[in-house]
Amino acid sequence: MTPSDATPQLDYRVVTVAGANAPSDDSVAKLRDALADAQSVDALRRAGFRIGASEGPDLQGVPATLPKVIATPRATDADTALRTWVTMSRQTRMLAVIDTSESMKKSAIPGMNRLQLASGAALKALEKFPPSSEIGLWTFDLAHGSQPRDWVERVPIRRVDDKVGPVTQRQALARSAMSLQWQRANGTAVHDTIWAGYQQLQRTYQPDYANALVLLTDGKNEDPGSMSEAQLVANLRQVGKDSSRPVRLVLIAISEDADLAALQRIAKAVPDGQAYDARQPENILGIMQTALSSREIAAPAQ
């Protein structure tokens, strides 16, 4: 099938190779001459190639005249296209992190608080992932007596079709999400949690997957002992330069109390970072699905 408007053109060049086993100049010249003789051109046309100014391939449905040729793409465009293809061909490996601070008890819509709304949206999004996806779940608030760190690993990252005792990983994630509770008299440690989650994904990076950290919060960083926003951004910029272990950063603001501007600044620190505004409750499900299905393609940081 040949497009009627324009088509790309591929050139198959003869390239000589240097080294101890390189062919002689005379051998290369003879090969070039042989490929250009009438018998070779005829054989190549029958195989579907268009040779120089000759007529088109002698194949049914292929025009004899050369259609308009699309201009050769720029190197940067070709690089973006290649990275897009590689990313979209991969399965998802995701760490979902949900805010369980006390403010998540506030009403979001009639009969549902913010935590119920966020976990419900996450459950709906979970249904869309194929069995080969790898997903884990953390929650976060502030460290306290029975919780030495700001974050808690609820379900380790596994393939969603893996068996976890009598249930699948998908079922274990759903059960954990449905049972989440907000933590009394506790705030949000946004900075340290983002940094811990990002480091975890880089440490356990899987090259055959699109690795992503997805964090949902209704607040701003309230941990007086945590790193500053400037330090977090500097850390992310530094590790974001590692193009061999790219991790996408997705930050979702889920209420008017959320500091969307800060999340946007933090997300921009890595090449594939994005902050989403889901502060209107009716928008959260659609934004969750968009955020999790979209795969931003960006060049590694320099």
Side-chain angles (χ1 to χ4, degrees), residues 84 87-101 103-140 154-155 157 160 169-171 173-180 182 188 190 193-194 197-198 201 209-220 247-268 270-298:
T84 300
T87 300
M88 295 308 293
S89 66
R90 292 173 174 169
Q91 296 292 343
T92 296
R93 182 173 187 269
M94 180 181 74
L95 175 60
V97 185
I98 299 179
D99 188 340
T100 52
S101 60
S103 59
M104 292 291 281
K105 73 179 182 180
K106 294 181 180 179
S107 176
I109 58 177
M112 187 175 292
N113 64 30
R114 292 174 180 176
L115 181 56
Q116 292 167 331
L117 183 65
S119 57
L123 286 171
K124 285 290 184 182
L126 176 63
E127 296 172 0
K128 306 296 183 181
F129 287 95
S132 55
S133 303
E134 294 189 356
I135 301 176
L137 176 64
W138 286 11
T139 59
F140 76 103
R154 301 294 179 178
V155 183
I157 299 176
V160 297
Q169 173 77 350
R170 193 189 301 271
Q171 291 169 321
L173 288 164
R175 289 182 178 183
S176 183
M178 288 188 293
S179 66
L180 295 181
W182 54 268
T188 49
V190 175
T193 302
I194 291 174
Y198 202 91
L201 283 166
Y209 283 78
N211 297 253
L213 173 65
V214 179
L215 180 139
L216 299 88
T217 182
D218 75 334
K220 59 185 178 181
V247 174
R248 185 169 179 237
L249 180 60
V250 177
L251 306 177
I252 303 177
I254 59 172
S255 80
E256 293 293 343
D257 295 333
D259 191 344
L260 178 62
L263 296 180
Q264 290 171 331
R265 292 191 296 269
I266 294 167
K268 288 179 181 178
V270 298
D272 292 331
Q274 183 70 49
Y276 288 86
D277 184 357
R279 291 176 295 177
Q280 297 302 314
E282 63 272 17
N283 297 336
I284 187 171
L285 180 57
I287 289 173
M288 276 284 292
Q289 292 175 337
T290 298
L292 298 182
S293 61
S294 173
R295 294 180 181 179
E296 303 293 330
I297 307 298

Distance (rounded to the nearest 0.5 Å) between [X] [atom1] and [Y] [atom2]:
X	Y	atom1	atom2	result
S107	L117	OG	CG	9.5 Å
N113	S255	CG	OG	12.0 Å
I252	I98	CD1	CD1	9.5 Å
Q280	I109	CD	CD1	12.5 Å
L260	L251	CG	CG	9.5 Å

Grab the two heavy atoms, one from [X] and one from [Y], that are nearest each other, plus how far apart they are.
X	Y	value
A118	L216	CB-CD2, 4.3 Å
K220	V190	C-CG2, 3.9 Å
A125	F129	O-CD1, 3.3 Å
A275	A267	N-CB, 3.8 Å
A121	I284	CB-CG1, 4.2 Å

Sub-4.5 Å side-chain heavy-atom contact between [X] and [Y]:
X	Y	result
R170	L126	yes
V97	T193	yes
I254	M104	yes
Q91	P130	yes
V214	L249	no
R248	L213	no
W138	L215	no
Y209	M94	no

* Does any N or O in the side chain of S176 come within less than 3.5 Å of the main-chain N or O of L173, such that one atom is a donor and the other an acceptor? -> no
* **Check: L115 main-chain N/O paired with S119 side-chain donor or acceptor under 3.5 Å** => yes
Distance only, no hydrogens: is a donor on one side chain within 3.5 Å (strictly under) of an acceptor on the other, for [X] and [Y]?
X	Y	value
R154	T139	yes
T188	D99	no
Q264	Q274	no

* To do: Using a strict cut-off of less than 4.0 Å between a Lys/Arg side-chain nitrogen and an Asp/Glu carboxylate oxygen, indicate whether R114 and D257 qualify as a salt bridge.
  => yes
* Report the C-alpha separation of D218 and S103 in whole Å, then their side-chain angles, then the decisive distance to 0.1 Å, and conclude whether the side-chain contact (heavy atoms from CB on, under 4.5 Å) test is met. => CA-CA 7 Å; D218 75 334; S103 59; 2.8 Å; yes
* To do: Assess whether side-chain contact (heavy atoms from CB on, under 4.5 Å) is satisfied between F140 and T100, documenting all intermediate values.
  => CA-CA 6 Å; F140 76 103; T100 52; 5.8 Å; no
* To do: Determine, stepwise, if the pair Y276 / V250 fulfils side-chain contact (heavy atoms from CB on, under 4.5 Å).
  => CA-CA 8 Å; Y276 288 86; V250 177; 3.9 Å; yes
